Amino acid sequence: MARIADVLTAGPTFSFEFFPPRDDDAQVELYNTLRDLQTLDPSFVSVTYGAGGSTRDRTHDLVVSILNDTTMTPMAHLTCVAHSRAELADILERYDAAGVENILALGGDPPADGSEFRSELEHAIDLVELVRSVGNFSIGVAAHPEGHPRSPDRISDRKHLAAKLALADFAITQFFFDAEDYFGMIDELADLGVTKPVVPGIMPVTNVSQVTRFAQLSGAAFPTDLAERLHAAGDPDEVRRIGIDVATELCRTLLDGGAPGLHFYTLNKSPATREIYQRLASDGYVAATRAS
Ligand code: FAD
């Protein structure tokens, strides 16, 4: 086990994100993916938390299973939405008792179906404080290079992020496609005195149907020229190749510019992440021990 804050001090991290499987078939696919990606010796892996607590036990069970049954260091995502403070404290105490050391503290989103919900903690920063009070966790938070979609303006968003990072240990970003969005955010945070590591999130696009869905879900601007290239591609293999080329180039630019690591949104599949990782390794971006 390792604390991610410590791992980040040792050089660029390579980490992978998963979501809890919904059924038995998805579970088999995820375990194959975990087995495959474990061979890359990732710095850590993270497990998402379903909106409104919908994966409360599945997130917990997957995180603890990764901790106990693999060589990988897990981080549990947790959101404020639809939970009382006592429920969140209970979830955190269970993680602490199980030996889980890393938590990604998130605000979460209102239910997509518009149903009523009550949250005792309003913002992620309130959850960071709660996590600190429950155990000796290493704490990450979310960052949005293009600004959070619900923010009235970017300046206030950066100030809230800076305040959150003053209490947390590191941040991981929403995915984005233009490196300048990431570097611009880092500069703005530096102006606010932030020195904590902010790890960029990478989403390799491997099929055309993802294009508009991803952009809608995340609020990330999908570059018009990339969308046109993907739509013009002759077959799924060409789409995949373009997506992997573009993601690999983004990774190189980010690492060359000093990013403290890369966090891959795997969608519970390994091939695209593995291919990008291996290209980066052959370019010398991954330490020899890690790439072997
Ligand atoms: P916050 O930090 O609370 O920010 C939300 C909004 O409130 C922003 O506009 C911010 O500027 C504003 N704000 C913050 N603090 C204050 C304040 N004190 N006063 C006024 N305004 C304030 N969602 C899930 O449901 N499950 C997951 O597992 C999950 N994993 C994620 C992983 C990553 C790496 C990222 C980037 C996002 C993830 N999300 C997940 C999505 C996340 O929950 C949403 O983006 C959510 O809308 C905001 O979360 P946050 O932690 O940034 O919230």
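Heavy atoms only: backbone and side chains are in, while hydrogens, waters and symmetry mates are out. First listed ligand is number 1; within each ligand, the first listed atom is number 1. Please read these numbers as outputs of a predicted model, since none were measured by experiment. Position 1 is the first residue of the sequence; numbering continues from there.
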Looking only at distances, please establish whether an N/O atom of ligand 1 is found under 3.5 Å from an N/O atom of [X].
X: Ile172; value: no
X: Ile125; value: no
X: Ser156; value: no
X: Lys164; value: yes
X: Thr48; value: no

Inset, instruction - Considering only protein heavy atoms, determine whether one is less than 4.0 Å from atom 11 (O) of ligand 1. - result: yes
Using a 3.5 Å distance criterion without hydrogens, assess whether the side chain of [X] forms a donor-acceptor pair with backbone atoms of [Y].
X: Asp235; Y: Asp237; answer: yes
X: Glu17; Y: Val45; answer: no
X: Ser43; Y: Phe14; answer: yes
X: Asn102; Y: Arg3; answer: no
X: Thr273; Y: Thr266; answer: no

Of all the non-hydrogen atoms in the protein, which one sits nearest to [atom], and at what distance?
atom: atom 35 (C) of ligand 1; answer: Ala142 CB, 3.7 Å
atom: atom 30 (N) of ligand 1; answer: His77 ND1, 3.0 Å
atom: atom 3 (O) of ligand 1; answer: Ala124 N, 2.9 Å
atom: atom 9 (O) of ligand 1; answer: Ser151 OG, 2.7 Å
atom: atom 19 (N) of ligand 1; answer: His160 CE1, 3.3 Å
atom: atom 36 (C) of ligand 1; answer: Gln174 N, 3.3 Å
atom: atom 38 (C) of ligand 1; answer: Leu106 CD2, 3.6 Å

Report, as yes or no, whether the 6.0 Å neighbourhood of atom [atom1] on [X] holds more than 12 heavy atoms from other residues, nucleotides or ligands.
X: Arg150; atom1: CZ; value: yes
X: Glu122; atom1: CD; value: no
X: Ile155; atom1: CD1; value: no

Inset, instruction - Using the salt bridge (charged side-chain N to carboxylate O under 4.0 Å, His left out) rule, take Arg158 and Asp187 through it: C-alpha gap first, then chi angles, then the decisive distance, then the call. - result: CA-CA 11 Å; Arg158 296 298 189 242; Asp187 288 346; over 6 Å; no
Inset, instruction - Just jot down the ligand 1 atoms closer than 4.0 angstrom to any heavy atom of Thr79, in number order. - result: 24 (C), 25 (O), 26 (N)
Legend entry - Distance filter under 4.0 Å to Arg150 heavy atoms, resulting ligand 1 atoms: 47 (O)
Inset, instruction - Pick one of side chain, backbone, both or neither for how His263 approaches ligand 1, counting any non-hydrogen atom pair under 4.0 Å. - result: neither
Inset, instruction - Report the part of Glu122 in contact with ligand 1, treating N, CA, C, O as backbone and CB onward as side chain, heavy atoms under 4.0 Å; options are side chain, backbone, both, neither. - result: neither
Legend entry - His60 and Tyr49: CA distance, side-chain angles, deciding distance, side-chain hydrogen bond (donor to acceptor under 3.5 Å, both in side chains) verdict: CA-CA 9 Å; His60 175 275; Tyr49 193 73; over 6 Å; no
Inset, instruction - Would you please test Ser46 and His77 for side-chain hydrogen bond (donor to acceptor under 3.5 Å, both in side chains) and show each step? - result: CA-CA 7 Å; Ser46 79; His77 296 206; 2.8 Å; yes
Inset, instruction - Look at ligand 1 and say whether His144 reaches it with a heavy atom at a distance under 4.0 Å. - result: yes
Legend entry - Gly108 touching ligand 1 at heavy-atom level, < 4.0 angstrom: yes
Taking the minimum heavy-atom distance to [atom], which of [options] ranks first?
atom: atom 28 (O) of ligand 1; options: Phe175, Tyr265, Tyr49, Phe19; answer: Tyr49
atom: atom 15 (N) of ligand 1; options: Glu17, His123, His148; answer: His123
atom: atom 50 (P) of ligand 1; options: Gly53, Ser54, Gly107, Gly50; answer: Gly107
atom: atom 41 (C) of ligand 1; options: Leu104, Asp109, Asp157; answer: Asp109

Legend entry - Audit row: Val141, Val128, side-chain contact (heavy atoms from CB on, under 4.5 Å) steps and yes/no: CA-CA 8 Å; Val141 292; Val128 174; 3.5 Å; yes
Inset, instruction - Check step by step if salt bridge (charged side-chain N to carboxylate O under 4.0 Å, His left out) holds for Lys196 and Asp169. - result: CA-CA 6 Å; Lys196 303 265 176 74; Asp169 297 309; 5.4 Å; no
Inset, instruction - Would you sort out whether Ile139 and Phe170 count as a side-chain contact (heavy atoms from CB on, under 4.5 Å), showing the intermediate values? - result: CA-CA 7 Å; Ile139 307 174; Phe170 61 94; 6.0 Å; no
